[in-house]
A.B. asks: 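Structure incoming, see below.
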Amino acid sequence: MHVLLVEDDEPVAESLRRGLKRYGFAVDWVSTGAAALAHPGPYDVVLLDLGLPDTDGLDVCKALRERGSVPIIVISARSDETDRVVGLELGADDYVSKPFGVREVIARIRAVMRRVQPRTAAGAPADRYGARLSIDRKAARVHVDGAEIALAPKEYDLLAFLTEEPGALMSREQIMEAVWDANWFGPTKTLDVHVAALRRKLAGVVAIAAVRGVGFRLEIVEDAESA
């Protein structure tokens, strides 16, 4: 999926770009309204900041909507209800207030795309990992040997993130940014607690190895019969 990111704050833009790319999105970043309107495309969704240096983002939203039906998600530090209402009336499909986490933005993108492409939402199969584990990402449900496993919301988010690239080493910083958010200032010990919970609930199905001083790596445990 191709995203046009319109954001003049470089740290915010870079954090979003890294997070979106990690989840498989292609990202084109521009920092002004003029550059957004001049972008040749194609793109599937627009993430649009309102506080742009050369023009009001609401004007950009209106101009983009007049050109076509591409989904527009406004991202803004403006939390005033009037701005939200005006943005939606001008054609925005959703509105996310800063500060936000990358996973929240991704969830909003996926929700908007499901609304504009409803035919793709029905009957989507769960992702399978080995012979025993399946994850239904649309319903946020996990099954082992056909039986649903009860996970806390952050346990599910952590498992969903780690299983996107089984075998890949993920740093603690990557995991905290993706599962909690880029603005998390609490202790990273919470990550260890959630890893321990997943190890307990999915023993014999996945192995989550700690790499000292770096992070964690998830491996799918293959049945002895198939090994």
Side-chain angles (χ1 to χ4, degrees), residues 1-124 137-138 140 157 160-161 164 174 177-184:
M1 187 180 299
H2 203 139
V3 177
L4 175 61
L5 172 60
V6 189
E7 169 63 67
D8 70 316
D9 188 321
E10 184 171 356
V12 172
E14 187 58 33
S15 177
L16 259 179
R17 186 163 57 172
R18 286 199 316 270
L20 290 169
K21 285 184 175 181
R22 191 179 299 128
Y23 282 85
F25 293 85
V27 182
D28 286 347
W29 169 40
V30 297
S31 58
T32 66
L37 296 176
H39 192 283
Y43 41 80
D44 300 298
V45 63
V46 179
L47 298 180
L48 174 62
D49 183 28
L50 294 187
L52 299 173
D54 59 335
T55 186
D56 193 309
L58 292 173
D59 293 330
V60 178
C61 179
K62 181 180 179 181
L64 289 173
R65 178 53 64 234
E66 289 173 348
R67 293 182 180 183
S69 58
V70 63
I72 301 170
I73 300 176
V74 168
I75 52 174
S76 178
R78 303 182 191 175
S79 58
D80 185 84
E81 184 179 3
T82 301
D83 284 314
R84 289 174 177 266
V85 172
V86 172
L88 295 172
E89 287 181 345
L90 289 177
D93 296 271
D94 205 345
Y95 193 113
V96 184
S97 296
K98 296 178 181 178
F100 49 75
V102 171
R103 288 187 65 86
E104 178 186 359
V105 174
I106 291 172
R108 299 294 186 103
I109 291 174
R110 288 174 174 167
V112 166
M113 298 308 294
R114 284 197 297 270
R115 291 200 296 270
V116 300
Q117 298 174 328
R119 64 185 179 279
T120 64
R137 295 178 185 274
K138 290 188 179 297
D157 289 344
F161 178 69
E164 287 185 353
Q174 284 177 303
E177 179 177 329
V179 177
W180 279 264
D181 62 51
N183 299 307
W184 175 265

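We use all heavy atoms of the structure for the numbers below, so side chains are in, but hydrogens, waters and symmetry mates are not. All residue numbers refer to positions in the sequence shown, counting from 1.
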A.B. asks: Check whether any side-chain heavy atom of Val102 lies under 4.5 Å from a side-chain heavy atom of Arg18, and answer yes or no.
C.D. replies: no
A.B. asks: Give the C-alpha distance, both sets of side-chain angles, the deciding distance and a yes or no for side chain to side chain contact (heavy atoms under 4.5 Å, CB included) between Val46 and Val60.
C.D. replies: CA-CA 11 Å; Val46 179; Val60 178; over 6 Å; no
A.B. asks: Has the side chain of Asp44 got a donor or acceptor atom that lies under 3.5 Å from a matching backbone atom of His2?
C.D. replies: yes
A.B. asks: Is the shortest heavy-atom distance from the side chain of Val96 to the side chain of Glu104 under 4.5 Å?
C.D. replies: yes
A.B. asks: Can you check whether Glu7's main-chain N or O pairs, donor with acceptor, with Trp29's side chain at less than 3.5 Å?
C.D. replies: yes
A.B. asks: Before you tell me yes or no, could you show the steps for Leu37 and Arg67 under side chain to side chain contact (heavy atoms under 4.5 Å, CB included), namely the whole-Å CA-CA distance, both residues' side-chain angles and the distance that decides it to 0.1 Å?
C.D. replies: CA-CA 10 Å; Leu37 296 176; Arg67 293 182 180 183; 3.6 Å; yes
A.B. asks: Would you check if the side chain of Arg137 reaches a backbone N or O of Ala160 as a donor-acceptor pair within less than 3.5 Å?
C.D. replies: yes
A.B. asks: Identify the two heavy atoms, one from Ile75 and one from Leu47, that lie closest to each other, and give their separation to 0.1 Å.
C.D. replies: CD1-CB, 4.3 Å
A.B. asks: If every non-hydrogen atom of Gly19 is compared with every non-hydrogen atom of Ile106, which pair is closest and at what distance?
C.D. replies: O-CD1, 4.3 Å
A.B. asks: Which heavy-atom pair separates Ala13 from Leu5 by the least distance, and what is that distance?
C.D. replies: O-CD2, 3.7 Å
A.B. asks: Are the side chain of Asp94 and the backbone of Val112 linked by a donor-acceptor contact shorter than 3.5 Å?
C.D. replies: no
A.B. asks: Quick one: does Arg65's side chain have a donor or acceptor within less than 3.5 Å of a partner on Ala92's backbone?
C.D. replies: no
A.B. asks: Evaluate side chain to side chain contact (heavy atoms under 4.5 Å, CB included) for Val27 paired with Leu16, printing each intermediate quantity in order.
C.D. replies: CA-CA 9 Å; Val27 182; Leu16 259 179; over 6 Å; no
A.B. asks: Take Val3 and Val45 through the side chain to side chain contact (heavy atoms under 4.5 Å, CB included) test and state the conclusion after the steps.
C.D. replies: CA-CA 5 Å; Val3 177; Val45 63; 3.6 Å; yes
